[in-house]
Amino acid sequence: MNEQLERLNRLPLRDDLRGQTPYGAPQLEVPVLLNVNENTHGLPQEVADAIAESVRQAVAGLNRYPDREFTELRERLASYLGHGLSVENIWAGNGSNEVLQHILQAFGGPGRTAMSFPPTYSMYPLLANGTGTEYIAGHRAADFTLSASSAADQVREAKPNIVLLCTPNNPTGTALGLDVVEAVYEAGSASNAVVIVDEAYAEFSHAGTPSALSLLPGRERLIVSRTMSKAFALAGARLGYMAAAPEVTDALRLVRLPYHLSAVTQATANAALAHAPALLANVEDIKAQRDRIVSELTELGLQPAESDANFVLFGGLENPRKTWQGLLDAGVLIRDVGIPGHLRVTAGTEAETTAFLTRLRELLSA
Ligand SMILES: *Cc1c(COP(=O)(O)O)cnc(C)c1O
């Protein structure tokens, strides 16, 4: 055991945290970063200027606590989402990870369970653990799909307090049909389960893919979470949000820290939302690169999964670790998500995507 771990183990750490590993996607300085599904296009100058001006104005009031209810921000988020939502349906946090943590704090905790369907977002078990919620791993078909009947059967069997559905799913990229969400919600009624639909990548879905936002009316246990970290190119600002029945936001107020969204964060997100169309202008380009990755990887004899997100999971690799290292040696960082034979790559700019595909082609023919 290394010395750092030994010192950690001498502390009175909670037993359920002993031996756990923190979230740790590598943060390396290489020219082409395609490993954490950021929007690599960056912010248009006009939006960067508007955010800087909004923050400049907020600085004058930094001696005071910010608006605890972040009302302007919730209004803007409601109007961005549409679907007849209004301010009392919206909640936000420092990244959607914090929103998910609030939900687990309010509806999970010791003696309760949260279920999701791996391979899925690696933060779900970590968030469960951090809040003392027991994590239940469901399963998918071999091709990573999840049918309505399978998901509902598993929920009926496990009777979880919380279900997390990720669509489009990270790391596979596949979107779930609304029939899956409806079936899981129905199946969850026996255990009064809160059903979270994590739509972090919704803006990248193929045209016509419906959002679970349309299912909210009449379903008070349903929560749809979104983020400004991906399509909005604002991963560094830390702003995630959710839409649900007003009583859900009331529940989350019980566990949030007072003034959790700083005045600087609120000013940043408000200005960004005022310029949403400009910020989202690169989404079509990213979708085109995503589709290009799927078709070129297929030509290379690999097996990319269909994707509705800004990344592609691909299989058919004999030695993913070696391929990952070969790409990194050429300055291209992608993600090993721990699925045998597979790697995941973010769709970047056209030039970044070309750098990735060119290097990969060289590695495979070597
Ligand atoms: C990236 C991602 C998020 C977003 O996390 P933030 O905390 O908002 O940056 C949420 N869910 C999934 C599945 C993701 O991949």
Side-chain angles (χ1 to χ4, degrees), residues 22-27 33-40 70 73 77 80-81 90-105 114-128 130-131 135 140 144 146 162-176 181 195-205 211-212 223-243 252 256 260-262 265-266 268-269 272-273 279 283 286 290 305 307-313 334-339 344-348:
Y23 176 86
Q27 285 195 303
L33 291 169
L34 302 175
N35 69 325
V36 285
N37 304 338
E38 293 151 332
N39 180 334
T40 68
F70 46 102
L73 177 55
L77 289 167
Y80 168 69
L81 289 179
I90 306 294
W91 188 251
N94 295 282
S96 56
N97 277 285
E98 186 179 61
V99 173
L100 297 176
Q101 186 178 54
H102 285 165
I103 297 168
L104 283 158
Q105 284 177 312
M115 178 175 202
S116 66
F117 300 89
T120 188
Y121 189 36
S122 63
M123 280 304 298
Y124 299 153
L126 294 180
L127 287 163
T131 57
Y135 179 72
R140 292 171 182 261
F144 306 129
L146 181 64
I162 296 170
V163 183
L164 292 133
L165 296 172
C166 188
T167 177
N169 184 47
N170 181 4
T172 58
T174 33
L176 289 174
V181 180
V195 177
I196 305 162
V197 184
D198 183 346
E199 293 191 347
Y201 300 97
E203 287 90 349
F204 299 106
S205 292
S211 165
I223 301 175
V224 180
S225 95
R226 295 279 188 103
T227 181
M228 296 185 79
S229 294
K230 308 287 159 59
F232 275 90
L234 278 183
R238 311 302 301 125
L239 201 289
Y241 57 103
M242 61 114 230
L252 303 188
R256 63 99 178 273
H260 69 292
L261 283 182
S262 83
T265 301
Q266 293 184 43
T268 301
L273 286 160
L279 265 180
V283 165
I286 294 165
R290 183 254 336 261
S307 175
D308 276 288
N310 68 338
F311 56 84
V312 177
L313 179 78
I334 68 167
R335 189 78 176 268
D336 182 349
V337 289
I339 302 177
R344 190 193 71 192
V345 63
T346 305

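As the structure lists them, so they are numbered: ligands from 1, and atoms in each ligand from 1.
Each of the atoms 6 (P), 8 (O), 9 (O) of ligand 1 lies under 4.0 Å from some heavy atom of Ser229. Applying the 4.0 Å criterion to heavy atoms of Gly95 picks out, from ligand 1, the atoms 6 (P), 7 (O), 8 (O). For ligand 1, the atoms closer than 4.0 angstrom to any heavy atom of Cys166 are 13 (C). For ligand 1 and Lys230, the ligand atoms under 4.0 Å from any heavy atom of the residue are 1 (C), 2 (C), 3 (C), 4 (C), 14 (C), 15 (O).
Every salt bridge (Lys or Arg N to Asp or Glu O under 4.0 Å) that Arg256 has, sequence neighbours left out, goes to Glu69. Not counting sequence neighbours, the partners of Glu203 by the salt bridge (Lys or Arg N to Asp or Glu O under 4.0 Å) test are Arg226.
For the pair Asp198 and ligand 1, a heavy-atom separation below 4.0 Å is found. Using 4.0 Å as the threshold, Ala235 has no heavy atom nearer than that to any atom of ligand 1.
For Tyr80 and Phe232, the distance between ring centers is under 6.0 angstrom. Taking the ring centroids of Phe204 and Phe311, they lie at or beyond the 6.0 Å cut-off.
Glu199 contributes no side-chain N or O that, together with a main-chain N or O of Cys166, makes up a donor-acceptor pair within less than 3.5 Å. Side chain of Ser307 to main chain of Ala309: a donor-acceptor pair is present (N/O by atom type, distance under 3.5 Å, no hydrogens or angles).
Screening Thr172, Asn35, Asn170 for a side-chain hydrogen bond (donor to acceptor under 3.5 Å, both in side chains) involving Arg344 leaves a single residue, Asn170. Each of Leu176, Leu313, Thr120, Asp308 was checked for a side-chain contact (heavy atoms from CB on, under 4.5 Å) with Asn169, and the lone residue meeting it is Thr120.
Taking distance alone, with nitrogen or oxygen atoms compared against 3.5 Å, Arg238 approaches ligand 1 more closely than that limit. Checking only distances, Ser96 does come within under 3.5 Å of ligand 1, N or O to N or O. The shortest N or O to N or O distance between Tyr124 and ligand 1 is not under 3.5 Å.
What sits closest to atom 15 (O) of ligand 1 on the protein, heavy atoms only, is Tyr201 OH, 2.5 Å.
At a heavy-atom cutoff of 4.0 Å, ligand 1 is contacted by both the backbone and the side chain of Asn97.
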